[in-house]
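Contents: one structure, followed by commentary.
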Amino acid sequence: MNNKLTPFKIVLLYTILGGLWILFSDTALMAIVRDPEAFTRIAIIKGWVYVIVTAYLLYWLIRRFAYERKKIEEEFVNVFERITDGFVALDNNWRYTYVNKKAAEMFSRKPENLIGRHIWTEFPEGIDQPFYKAYYRAMEEQKFIQIEEYYPPYDRWFENRIYPSKEGLSIFFQDVTERKKTELALRETEERFRAIASNTPDHVLMQDSGLRYQFVVNPQLGLTERDMIGKTDHDFLSKDEADRLTKVKRQVLETGKPVYFETSLMSMSGELEYFDGTYVPRVDSEGRISGLIGYFRNITGRKRAEEALRESEERLHLVIDGLGPHMFVGLLDTEGVILAANRPALEAAGLRLEDVLGKPVHETYWFTYSDDVSQRFRAAVQRSTRGETVRYDEQIRVAEGQLIWVAFTVQPVRDGSGNIAFLVPSAVVIHERKLAEEELHITNKELLAINRIITTTTTTTGVKDILESILDEIRKISPGIKTLYTSGYTMGTIDRQELIEEGMNFIQKPVLPKDLLNKVREILDK
């Protein structure tokens with residue numbers, strides 16, 4: 001049985017306890033306290049107790065969410081710091097949101113000095129290079145692009161795998177200069193090829209025109225050189241895998257052109273492994289194609305890292321979408337631009353995720369109904385980027401133009417170096433509580449008016465004058481207010497002395513609480 005305390009359970013418990021508190025505490029209070037002033041004071045104290053307990057429950061829920069998010073972010077960082085590829089993430093404003101250590105080493109920079117910086121401001125020499133064009137094409141077409149090109153500013157060859165999304169780009173890359181040099185060297189002479197290939201950690205192979213293996217360095221899949229030399233792929237791979245590789249290799253032999261591709265193969269232990277690399281034609285002294293040379297890298301670790309990234313993102317969305325209909329959560333960059341928003345926040349306003357992604361949060365539907373509301377949230381974002389956790393109550397716009405009260409928190413999130421990397425805005429719906437507070441709230445103006453009533457009535461000699469004075473003062477506060485007069489006199493005595501206005505509601509003392517309550521309900525229902 002799952003005893004985990006979920007947001008739904010918390011809200012349910014809060015609703016039950018709150019309802020019981022309101023129902024029974026008011027009933028008990030009315031039965032015990034007869035003095036109206038004492039009843040009011042105790043009711044206010046009781047209300048504050050309710051507010052304090054509610055605030056603590058909301059604080060606990062937000063703190064729990066922050067803890068879960070921190071765990072996910074730590075998993076994310078640990079995965080990408082262990083891979084051997086460089087990895088960077090850019091938002092749709094071309095600013096770095098993540099740089100792993102391997103990428104920073106290639107750039108000769110520190111990760112924290114790149115976060116939040118514009119890529120082409122930091123590396124202007126890359127503008128109009130092939131990688132620059134590939135990044136923009138991937139964003140525009142929202143398609144995966146793999147590119148391997150020479151980069152003149154570094155005098156190096158790089159391979160990039162570019163994964164686009166609406167939020168930006170995720171780029172895996174590696175310095176393949178050595179591989180490219182090796183491929184060129186392989187075309188010159190077999191002897192030089194052997195010298196280079198014998199010292200590479202990657203998988204290198206040579207096959208004749210019949211696709212029998214002649215030379216293998218660093219065999220993969222749990223195979224040995226003895227398992228492969230003199231044999232073809234059909235001798236140790238499954239038929240489907242062997243047919244797939246043979247088709248590509250035949251293409252190289254027939255066209256004389258190199259082929260780069262990525263594939264997966266089942267190891268001898270039954271585990272799926274991933275490889276990427278190049279097959280190039282092998283040419284003899286007479287210029288005829290006599291076979292091929294392959295150069296491959298095992299990218300299983302990188303593939304698992306990519307899968308872990310997807311799973312981490314899915315878990316994150318499950319967490320923030322599962323907080324319940326009264327908990328709105330999002331993710332902003334340090335400029336206040338929306339990177340993510342949970343489903344309850346979107347559904348409450350009748351929005352789609354694409355309606356808000358990439359937009360400054362203060363310019364979105366929730367806030368733009370009022371310049372003051374928009375500017376207050378913008379100021380909260382700016383304070384949070386300076387390291388402050390900002391909390392305040394505000395009305396936001398939801399579906400059909402309705403306004404609801406929420407308790408906002410804007411929390412800065414720091415990376416491993418202590419720099420603010422993201423902002424997490426969260427909002428708890430407190431609309432019903434706000435309405436209740438407004439109904440129970442007695443303003444200073446009202447208290448002063450009540451004091452005037454008391455002062456006036458204590459200096460008035462006649463009962464009728466007292467009542468008229470009280471009604472005049474009360475109607476200044478709330479014109480059209482309904483009144484109920486209570487007295488120990490009978491209604492006949494009151495009519496004869498004309499103590500109250502004609503048609504005024506009356507109940508004779510002594511009166512039981514339940515009778516008084518029924519009378520009040522009767523008047524309000526008129």
Side-chain angles (χ1 to χ4, degrees), residues 5 7 10-11 14 48 50-77 91 95 97-98 112 115-116 167 315-317 319-346 348 356 359-364 366-367 370 372-396 404-431 433-434 437:
L5 194 59
I10 293 173
V11 171
Y14 162 80
W48 275 109
Y50 183 79
V51 169
I52 291 169
V53 171
T54 302
Y56 175 78
L57 288 173
L58 295 177
Y59 165 77
W60 184 86
L61 179 60
I62 295 170
R63 183 178 178 184
R64 178 171 178 176
F65 166 77
Y67 172 75
E68 292 291 336
R69 179 175 180 80
K70 182 179 179 182
K71 286 177 61 179
I72 293 173
E73 290 177 346
E74 287 175 351
E75 291 177 9
F76 176 86
V77 171
D91 64 24
R95 297 182 183 277
T97 59
Y98 185 80
E112 59 269 22
I115 300 299
E167 294 79 18
R315 286 197 298 269
L316 174 60
H317 284 292
V319 170
I320 66 175
D321 286 343
L323 292 176
H326 300 293
M327 185 71 178
F328 305 157
V329 180
L331 181 66
L332 311 178
D333 66 15
T334 53
E335 299 296 322
V337 174
I338 295 178
L339 303 177
N342 75 338
R343 188 179 296 111
L346 297 170
V356 298
K359 295 182 180 179
V361 64
H362 66 276
E363 296 180 5
T364 54
W366 297 292
F367 304 99
S370 164
D372 290 341
V373 171
S374 177
Q375 291 305 314
R376 274 196 295 273
F377 197 81
R378 185 178 186 182
V381 169
Q382 292 171 346
R383 288 165 58 192
S384 188
T385 58
R386 295 192 292 268
E388 181 181 352
T389 298
V390 183
R391 297 182 176 88
Y392 72 105
D393 295 349
E394 186 62 272
Q395 283 185 301
I396 63 171
I404 63 170
W405 280 100
V406 295
F408 269 121
T409 299
V410 185
Q411 175 76 44
V413 178
R414 300 180 183 273
D415 58 22
S417 302
N419 298 314
I420 295 175
F422 302 101
L423 305 178
V424 177
S426 60
V428 178
V429 178
I430 58 170
H431 191 67
R433 191 191 79 192
K434 276 288 185 180
E437 288 176 354

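Starting from 1, each residue takes its place in the sequence as its number. As the structure is a computational prediction, the values presented were derived from the model and not from experiment.
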| said: Quick check on side chain to side chain contact (heavy atoms under 4.5 Å, CB included): which of Val329, Val410, Thr409 does Val424 satisfy it with? | reply: Val329

| said: Please check this pair: side chain of Ser370 against backbone of Asp372, looking for a donor-acceptor N/O pair closer than 3.5 Å. | reply: yes

| query | Can you name the residues that form a salt bridge (charged side-chain N to carboxylate O under 4.0 Å, His left out) with Arg383, not counting sequence neighbours? | reply | Glu388

| task | Identify the heavy atoms of Ile420 and Leu423 that sit nearest to each other, and give their distance. | result | CG2-CD2, 4.0 Å

| said: Could you measure the distance from the CD1 atom of Ile430 to the CG atom of Asp393? Nearest 0.5 Å is fine. | reply: 3.5 Å

| query | Is the side chain of Ser374 donor-acceptor paired with the backbone N or O of His362 at a distance under 3.5 Å, no angle test? | reply | yes

| query | Where do Thr389 and Pro412 come nearest, in terms of heavy atoms and distance? | reply | OG1-CD, 3.8 Å

| Looking only at atom types and distance, does a side-chain atom of Asn342 sit under 3.5 Å from a main-chain N or O of Met327, one as donor and one as acceptor? | yes

| query | What pair of heavy atoms forms the shortest contact from Val390 to Ala380, and how long is it? | reply | CG2-O, 3.6 Å

| task | For residues Ile115 and Asn419, determine if any side-chain heavy atom of one lies less than 4.5 Å from a side-chain heavy atom of the other. | result | no

| For Leu331 and Phe422, which heavy atoms make the closest approach, and how far apart are they? | CD1-CB, 3.6 Å

| task | Side-chain contact test, heavy atoms from C-beta onward, threshold under 4.5 Å: evaluate it for Leu346 versus Val356 and give yes or no. | result | yes

| Rounded to the nearest 0.5 Å, how far apart are CZ of Arg414 and CD of Glu112? | 13.5 Å

| task | List the steps, then state whether side-chain contact (heavy atoms from CB on, under 4.5 Å) holds for Ile396 with Val373. | result | CA-CA 8 Å; Ile396 63 171; Val373 171; 5.5 Å; no

| message | List the residues meeting salt bridge (charged side-chain N to carboxylate O under 4.0 Å, His left out) with Arg378, not counting sequence neighbours, and say none if there are none. | response | none

| query | When rounded to the nearest 0.5 angstrom, what distance separates CG in Asp333 from CD in Glu167? | reply | 11.5 Å

| remark: So CD of Glu335 and CZ of Arg95: to nearest 0.5 Å the spacing works out to 5.5 Å

| query | Which distance, rounded to the nearest 0.5 Å, do you find between the CH2 of Trp405 and the CD of Glu394? | reply | 6.5 Å

| query | What are the two closest non-hydrogen atoms of Leu332 and Leu339, and how far apart are they? | reply | C-CD1, 4.0 Å

| Nearest heavy-atom pair of Pro344 and Phe328: which atoms, and what distance? | O-CE2, 3.6 Å

